[in-house]
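Everything numeric here is computed off the predicted structure, so don't read it as measured data.
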Amino acid sequence: MPHYLRAGGYTTWILLVLGLVLVVTAIRFARSPSPRRLAFLRALSVAYVLFTLGGVATNLTTVFYTVVRTRPPGGALDTDALLFGLGEAITPAGMGLTILGLTWLLVAVGVRRAHEPD
């Protein structure tokens, strides 16, 4: 996890904080389902996906800019640096989608509980 936070840059910290809010809200929904909480989870999930995509886009921009800027004039691109940078650039997607998957697993539990007969 420390490598993910370092590799993904500041966007992974934003995703971690928002992800914590998502998971806590999903746990509350799983324990006590309500339409209001579900609506909030849906809206927050959309924002979370957008932050995830924005983080990946920001990281890709940084990688491409750095790889091109650091190559020698007229020289070839450093493919090792490019591949390493691309690996780091997609870390927000890995972390964000995993947290989102956990969130919606908890939502599924809450939906199931909401439809149980009393």
**Complete:** Grouping ILVMFWY residues whenever side-chain heavy atoms fall under 4.5 Å, the cluster of V46 otherwise contains L50
**Request:** Report the residues that fulfil side chain to side chain contact (heavy atoms under 4.5 Å, CB included) with F40, sequence neighbours left out, ordered by chain and then residue number.
**Result:** T25, L44
Enumerate donor-acceptor pairs with a distance under 3.5 Å from any side-chain N or O in residues 30-38 to protein atoms, sequence neighbours excluded.
{"residue": "S34", "atom": "OG", "partner": "R37", "partner atom": "N", "Å": "3.2"}
{"residue": "R37", "atom": "NH1", "partner": "S32", "partner atom": "O", "Å": "2.8"}

**Cluster overlap V68 with L86, hydrophobic side-chain contacts below 4.5 Å** = yes
Return a table of donor-acceptor pairs under 3.5 angstrom between the side chains of residues 10-21 and protein atoms on other chains or two or more places apart.
{"residue": "T11", "atom": "OG1", "partner": "G8", "partner atom": "O", "Å": "3.1"}
{"residue": "T12", "atom": "OG1", "partner": "L5", "partner atom": "O", "Å": "3.2"}
{"residue": "T12", "atom": "OG1", "partner": "G9", "partner atom": "O", "Å": "2.6"}

**Request:** Apply side chain to side chain contact (heavy atoms under 4.5 Å, CB included) to Y65 and list each qualifying residue two or more places apart in sequence or on a separate chain.
**Result:** R69
**Message:** In this structure, would V49 and V23 fall into the same cluster of hydrophobic residues linked by side-chain contacts under 4.5 Å?
**Reply:** yes
**Request:** State plainly whether one hydrophobic cluster holds both V56 and M95, where clusters connect Ile, Leu, Val, Met, Phe, Trp and Tyr through side-chain heavy atoms under 4.5 angstrom apart.
**Result:** no
**Message:** Just verifying a value: how many Å separate E88 CD and L60 CG, rounded to the nearest 0.5 Å?
**Reply:** 11.5 Å
**Item:** Minimum-distance pair of heavy atoms, taken over all atoms of T52 and P92
**Value:** CG2-O, 3.5 Å
**Asked** So, for A89 and V63, which heavy atoms are closest and what is the spacing to 0.1 Å?
**Response** CB-CG2, 4.1 Å
**Message:** Contact between F64 and L77 at the side-chain level, heavy atoms closer than 4.5 Å - yes or no?
**Reply:** no
**Request:** Kindly compute the distance separating OH (Y48) from CG (L53), expressed to the nearest 0.5 Å.
**Result:** 11.5 Å
**Prompt:** Can you check whether G87's main-chain N or O pairs, donor with acceptor, with T91's side chain at less than 3.5 Å?
**Reply:** no
Identify every side-chain donor-acceptor pair in residues 98-112 under 3.5 Å, counting partners at least two apart or on other chains, and give the distances.
{"residue": "T98", "atom": "OG1", "partner": "G94", "partner atom": "O", "Å": "2.7"}
{"residue": "T103", "atom": "OG1", "partner": "I99", "partner atom": "O", "Å": "2.9"}
{"residue": "W104", "atom": "NE1", "partner": "S45", "partner atom": "OG", "Å": "2.8"}

